Amino acid sequence: MAVRLRMRRMGSHKRPFYRLVAADTRYQRDGRFLEILGYYDPKQDPYVFKVDKDKVMAWLQQGALMSPTAEGLLRKEGILQTFQQDKATAKKSKKSAPVAGESVENTQ
């Protein structure tokens with residue numbers, strides 16, 4: 001199952017607002033989804049974008065992809081930069097960890 005973070009259109013005629021959701025790619029834009037992560041209201045000045053950062057980070061760590069619009073909004077909020085930094089530090093810590101079978105010397 002491929003999961004994608006994308007916008008789900010809500011609201012009435014000519015008064016849209018969007019929910020950021022985690023959805024299976026096989027379902028329609030406004031169809032079934034797995035979890036609501038936040039919302040975006042472009043009609044207010046300035047626009048309103050509220051998102052649960054922890055939920056988004058959890059989905060990204062599990063391998064969820066993003067639609068171009070969702071990616072742009074998350075980049076503006078700084079969530080993607082945080083995710084990329086966390087990913088980079090995880091790679092560094094894996095490289096510095098001793099490999100199984102290697103002896104670790106005490107230098108005391």
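Predicted model only: the values in this text are computed from it and were never measured. Side chains included, hydrogens not; waters and symmetry mates left out as well; all remaining heavy atoms used.
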Roughly how far, to the nearest 0.5 Å, is [atom2] of [Y] from [atom1] of [X]?
{"X": "Arg6", "Y": "Tyr27", "atom1": "CZ", "atom2": "OH", "answer": "10.5 Å"}
{"X": "Leu65", "Y": "Thr25", "atom1": "CG", "atom2": "OG1", "answer": "8.5 Å"}
{"X": "Met57", "Y": "Ile79", "atom1": "CE", "atom2": "CD1", "answer": "8.0 Å"}
{"X": "Gln84", "Y": "Leu60", "atom1": "CD", "atom2": "CG", "answer": "9.5 Å"}

Exercise for the section: Mind checking side-chain contact (heavy atoms from CB on, under 4.5 Å) for Met10 and listing every partner two or more places apart, or none if nothing turns up? Expected result: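 For Met10 the side-chain contact (heavy atoms from CB on, under 4.5 Å) partners, ignoring immediate neighbours, are Arg8, Phe17, Arg19.
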
Handout entry: All side-chain contact (heavy atoms from CB on, under 4.5 Å) counterparts of Gln81, not counting sequence neighbours
Key =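 Scan of Gln81 (side-chain contact (heavy atoms from CB on, under 4.5 Å), adjacent residues dropped) gives Arg75.
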
Closest non-hydrogen atom pair, [X] against [Y]:
{"X": "Arg4", "Y": "Met66", "result": "NH1-O, 3.1 Å"}
{"X": "Leu20", "Y": "Ala70", "result": "CD1-CB, 3.8 Å"}
{"X": "Pro42", "Y": "Pro16", "result": "CD-O, 3.9 Å"}

Exercise for the section: Take Lys43 and Val48 through the test side-chain contact (heavy atoms from CB on, under 4.5 Å) and record every step on the way to the result. Expected result: CA-CA 8 Å; Lys43 296 299 260 181; Val48 176; over 6 Å; no

Problem - Gln28 CD: over 12 foreign heavy atoms closer than 6.0 Å - result: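 At most 12 heavy atoms, drawn from other residues, nucleotides or ligands, come within 6.0 Å of this atom.
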
Exercise for the section: Give a yes or no on this: more than 12 heavy atoms of other residues, nucleotides or ligands lie within 6.0 Å of atom CZ of Arg9. Expected result: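 Enclosed: over 12 neighbouring heavy atoms sit under 6.0 Å from CZ of Arg9.
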
Handout entry: Candidate pair Leu5 and Leu37, rule side-chain contact (heavy atoms from CB on, under 4.5 Å), full reasoning
Key = CA-CA 9 Å; Leu5 304 183; Leu37 307 173; 3.4 Å; yes

Practice task
Verify side-chain contact (heavy atoms from CB on, under 4.5 Å) between Glu71 and Leu80, making sure each step is shown before the conclusion.
Solution key: CA-CA 8 Å; Glu71 183 177 354; Leu80 280 185; 3.5 Å; yes

Using salt bridge (charged side-chain N to carboxylate O under 4.0 Å, His left out) as the criterion, list what pairs up with [X], not counting sequence neighbours.
{"X": "Glu35", "answer": "Lys55"}
{"X": "Arg29", "answer": "none"}
{"X": "Asp41", "answer": "none"}

Handout entry: Linked, directly or transitively: Val51 and Leu34 (ILVMFWY side chains, under 4.5 Å)
Key =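 Result: yes, single cluster for both.
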
Practice task
Is it possible for you to say whether Trp59 and Leu74 belong to one hydrophobic cluster, with membership spreading through side-chain heavy-atom contacts below 4.5 Å?
Solution key: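 They do share one cluster, since a chain of ILVMFWY contacts under 4.5 Å joins Trp59 to Leu74.
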
Practice task
Hey, could you give me each pair passing ring pair (Phe, Tyr, Trp, His ring centres under 6.0 Å) that has a residue in residues 28-53? Not counting sequence neighbours.
Solution key: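 Only Tyr40-Tyr47 qualify under ring pair (Phe, Tyr, Trp, His ring centres under 6.0 Å).
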
